[in-house]
Amino acid sequence: MRDKVKDLLQQEEEQSGVLVKGWVRTRRDSKGGFSFIEINDGSCLAGIQVVADHKLESYASASPHLHTGSCVAIKGNLVVSPAKGQKWELQASEISVYGSADAEKYPLQKKQHSFEFLREIAHLRPRTNTFGAVMRVRNRLAYSIHKFFQDRGFVYLHTPIITTSDCEGAGEMFQVTTLDLSKPPVNDGKIDYGHDFFGERTGLTVSGQLEGEIYALALSDIYTFGPTFRAENSNTSRHLAEFWMVEPEMAFYELEDDMDLAEEFVKFLFRDVLENCQEDMEFFNKRINKTILETLRNVVDHEFERIHYSDAIHLLEKSSEKFIYSVEWGCNLQSEHERYLSEKVFKKPVIIYNYPEEIKPFYMKLNEDHETVRAMDVLLPNLGEIIGGSQREDDLDVLHKRMREKELDPEEYWWYLDLRRYGSAPHSGFGLGFERLVQFVTGMENIRDVIPFPRTPKHAKF
RNA sequence: UCCGGUGUGGCGCAAUGGUAGCGCAUGCGGCUGUUAACCGCAGUGUUACAGGUUCGAGUCCUGUCACCGGAGCCA
């Protein structure tokens with residue numbers, strides 16, 4: 001059995017008969033007759049220093065291959081390092097090479113590379129410190145999301161990826177078809193989807209919310225956590241065509257309960273990462289964003305500010321800040337407005353709720369004032385919207401009326417309306433963009449660098 | 001999609017319209033319980049692509065493509 005670097009570095013006592021397998025990060029030769037080889041196996045940020053005596057039988061054959069990027073297996077003894085810089089080192093007794101890497105051609109050098117360059121070599125970038133750390137934190141967050149909901153009795157629900165329902169207002173869908181696009185069947189000048197695989201037009205899901213509601217109104221509390229697709233031509237550091245979304249949906253939750261859960265959720269995740277990803281988080285704090293630890297602790301330690309949309313508009317109107325987009329009741333809040341509120345006014349996460357009915361989708365519950373709906377957005381400083389949610393309209397008549405106003409065909413949503421027809425209940429939910437969460441937690445500036453293989457317009461490589 | 005910026009050795013960058021350089025990496029040599037090692041020497045270029053202006057274009061102009069930042073759409 002091999003030993004993982006992470007376990008070795010945590011040892012309390014010296015160990016003999018250790019076996020390490022991993023990739024060479026750097027190699028430094030000493031004319032004292034030995035070499036220092038740093039091995040990383042991805043189990044943690046740090047590598048382990050291997051000391052290889054040139055008199056070793058296996059050294060002569062291995063030496064030409066001990067370059068950055070090569071994969072090796074090393075047997076030896078874990079001993080206290082006599083030099084500064086590390087507590088432990090591995091005194092090698094046998095070195096074997098799995099795969100060498102031509103030093104003249106291997107693209108990763110033992111120095112910092114730009115993220116733009118690393119995106120072009122997405123198959124090798126996980127071997128860098130930053131991407132190793134990002135993916136370990138991403139993994140911990142995914143685990144932690146399940147832990148949060150499972151501990152509270154939520155049921156993990158798998159909603160379909162191929163679907164006919166476009167969660168209105170969520171964005172453009174990718175079409176899924178097996179039709180021959182060079183000669184599709186036509187009827188009355190229109191493409192006849194009756195001949196398509198599913199017998200009707202289908203696409204990749206933009207949200208599992210509507211399906212989530214179905215199961216919340218049976219199992220009470222559910223959550224989804226899966227890939228989501230948007231065919232928007234968005235070219236920003238916060239948008240992907242394929243991203244992962246977490247969507248809890250709870251029966252008997254009103255908007256206030258929804259906001260409580262969202263706040264508890266975010267704080268739980270941040271606290272968990274601070275406690276369980278210390279080494280990686282210290283790396284981000286040192287190399288990526290000098291204030292990220294402070295920012296996360298600040299979020300964990302303080303109550304989120306909660307304000308009505310109307311009050312947010314009032315604050316923006318009376319502020320002396322110069323905005324590119326003017327502010328008036330009924331308008332959508334722009335990025336600059338959201339940033340101003342979370343970064344300048346409150347300097348912490350802000351939940352804005354009770355939005356005008358006109359600018360929100362049909363399924364959000366209408367307030368008694370008939371002007372606003374029970375919608376809420378959680379805004380984080382420097383990132384913007386991370387969560388969007390609402391209490392859902394549970395009154396059949398009101399839902400019908402709102403669908404007509406937004407020119408939607410109730411026939412297409414017959415099953416959704418049935419939920420209000422039979423045993424309707426107040427219920428709420430929200431969606432959290434997983435990559436935006438990873439972005440915020442790691443301090444990484446571009447969303448393309450917190451997902452293993454980013455999908456953006458014109459990019460589906462690897 | 002819109003606005004702005006940038007495309008130069010493997011990587012990061014420089015070069016008033018006048019002989020394309022520097023750092024890192026790489027190779028060789030030296031030195032050292034080294035650790036983003038250090039010292040010396042060496043190799044490395046269709047200056048994104050296609051046109052144009054000019055005696056002369058990496059530099060100016062036009063178009064295309066790519067990437068980055070911001071905006072919109074949103075999570």
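So that the names make sense, note that chain A is the first sequence line, chain B the second, and so on, each numbered from 1.
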Asker: Between Phe34(A) and Tyr59(A), is the ring centre distance below 6.0 Å?
Answerer: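 So the answer is no for these two rings.
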
Asker: Identify whether any heavy atom of Tyr325(A) sits under 4.0 Å from a base atom; if not, whether one sits that close to sugar-phosphate; answer base, sugar-phosphate or nothing.
Answerer: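 Counting heavy atoms under 4.0 Å across all strands, the contact made by Tyr325(A) is with sugar-phosphate only.
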
Asker: Heavy atoms only, 4.0 Å cut-off, all strands: where does Leu437(A) land among base, sugar-phosphate and nothing?
Answerer: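 The answer is nothing, as Leu437(A) stays clear of every strand by at least 4.0 Å.
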
Asker: With a non-hydrogen cut-off below 4.0 angstrom, is Glu89(A) in contact with a base, only sugar-phosphate, or nothing?
Answerer: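 Contact class for Glu89(A): base.
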
Asker: So, do His337(A) and Phe323(A) have ring centers that fall under 6.0 Å from each other?
Answerer: yes

Asker: For C68(B), does OP1 or OP2 lie under 4.0 Å from any side-chain N or O of Arg119(A)?
Answerer: yes

Asker: Report the residue (Thr26(A) or Ile447(A)) whose heavy-atom-nearest nucleotide on RNA chain B is the more 5′ of the two.
Answerer: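 That would be Thr26(A).
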
Asker: How far, in whole Å, is A25(B) from U59(B) if one measures between their P atoms?
Answerer: 31 Å

Asker: Please list each protein N or O that sits under 3.5 Å from an N or O in nucleotides 9-11 of chain B, with the distance.
Answerer:
unit_1, atom_1, unit_2, atom_2, d
G10(B), N2, Gln109(A), OE1, 3.1
G10(B), N2, Gln109(A), NE2, 2.8
G10(B), N3, Gln109(A), NE2, 3.1
C11(B), O2, Lys111(A), NZ, 2.5

Asker: Give a yes or no on whether a donor-acceptor pair under 3.5 Å exists between the nucleobase atoms of G12(B), that is its base, and the side chain of Glu116(A).
Answerer: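 Absent.
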
Asker: Would you mind telling me which of C73(B), G33(B), G27(B) lies closest to the side-chain atoms of Gln334(A)?
Answerer: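 The answer is C73(B), which lies nearest to the side chain.
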
Asker: Is there a side-chain contact between Pro452(A) and Met135(A) in this structure, where contact means two heavy atoms from C-beta onward sitting under 4.5 Å apart?
Answerer: yes

Asker: What I'd like to find out is whether the side chain of Glu336(A) reaches to under 4.5 Å of the side chain of Ile324(A), using heavy atoms alone.
Answerer: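 Yes, at least one pair of side-chain atoms sits under 4.5 Å.
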
Asker: Does Phe362(A) have Lys406(A) sitting over its ring (NZ/CZ under 6.0 Å from centre, angle to axis within 45°)?
Answerer: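 Because its charged atom misses either the 6.0 Å distance or the 45° angle limit, Lys406(A) does not stack over Phe362(A).
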
Asker: Quick one: do the Glu211(A) and Thr159(A) side chains pair a donor with an acceptor below 3.5 Å?
Answerer: no

Asker: Does Arg230(A) put a side-chain nitrogen or oxygen below 4.0 Å from OP1 or OP2 of C74(B)?
Answerer: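 Answer no for this pair, as no side-chain N or O of Arg230(A) is under 4.0 Å from OP1 or OP2.
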
Asker: I need the NE2-C1' distance between His337(A) and G72(B), as an integer number of Å.
Answerer: 13 Å

Asker: Is there a donor and acceptor pair, one atom on the side chain of Gln86(A) and one on the base of U34(B), closer than 3.5 Å?
Answerer: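 Between U34(B) and Gln86(A), which were checked side chain against base, a qualifying N/O pair under 3.5 Å is present.
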
Asker: Atom CE of Met173(A) and atom P of C74(B): how far apart are they, to the nearest Å?
Answerer: 16 Å

Asker: With heavy-atom distances below 4.5 Å as the criterion, would you say the side chains of Asn382(A) and Arg339(A) are in contact?
Answerer: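 When only atoms from C-beta onward are counted, Arg339(A) and Asn382(A) do touch, with a gap below 4.5 Å.
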
Asker: If a pair means Watson-Crick or G-U wobble with both distances below 3.5 Å, what does RNA chain B look like in dot-bracket form, with | marking bases paired to a different strand?
Answerer: (((((((..((((....[..)))).(((((.......))))).....(((((..]....))))))))))))....

Asker: Could you please name the option among G33(B), G27(B), C73(B) that lies closest to any side-chain atom of His67(A)?
Answerer: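 In terms of side-chain proximity for His67(A), the closest of G33(B), G27(B), C73(B) is G27(B).
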
Asker: Any side-chain N or O of Asn446(A) below 4.0 angstrom from OP1/OP2 of G69(B)?
Answerer: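 Yes.
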
Asker: Between N or O atoms, less than 3.5 Å apart, protein on one side and nucleotides 1-5 of chain B on the other: list the pairs.
Answerer:
unit_1, atom_1, unit_2, atom_2, d
U1(B), OP1, Asn233(A), ND2, 2.6
U1(B), O4, Asn235(A), ND2, 3.0

Asker: Just checking, Arg125(A) and Phe462(A): is the charged tip under 6.0 Å from the six-membered ring centre and within 45° of the axis?
Answerer: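 Here Arg125(A) fails the 6.0 Å and 45° test against Phe462(A).
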
Asker: Compute the ring centroids of Tyr353(A) and His308(A), then answer whether they are less than 6.0 Å apart.
Answerer: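 Under 6.0 Å, so yes.
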
Asker: Answer yes or no: does a side-chain N or O of Arg238(A) lie under 4.0 Å from OP1 or OP2 of A71(B)?
Answerer: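 Yes, within the criterion.
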
Asker: Fit a plane to each ring of Phe117(A) and His113(A), take the angle between them on a 0 to 90° scale, and name the class: parallel (under 30°), tilted (30 to 60°) or perpendicular (over 60°).
Answerer: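 Because their plane-to-plane angle lies in the 30° to 60° range, the rings of Phe117(A) and His113(A) count as tilted.
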
Asker: Name the residue from Phe225(A), Phe154(A), Tyr156(A) that meets the ring-ring contact (aromatic ring centres under 6.0 Å, His included) definition with Phe149(A).
Answerer: Phe154(A)

Asker: Suppose we call two aromatic rings close when their centres sit under 6.0 Å apart. Are Phe148(A) and Phe265(A) close by that rule?
Answerer: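 Yes - the distance between ring centres of Phe148(A) and Phe265(A) falls below the 6.0 Å cut-off.
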
Asker: To the nearest Å, give me how far apart CZ (Arg339(A)) and C1' (A71(B)) are.
Answerer: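 Roughly 12 Å, once rounded to whole Å.
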
Asker: Using a 4.0 Å heavy-atom cut-off, does Leu240(A) contact any base of the nucleic acid, only the sugar-phosphate backbone, or nothing at all?
Answerer: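 The residue Leu240(A) makes base contact.
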
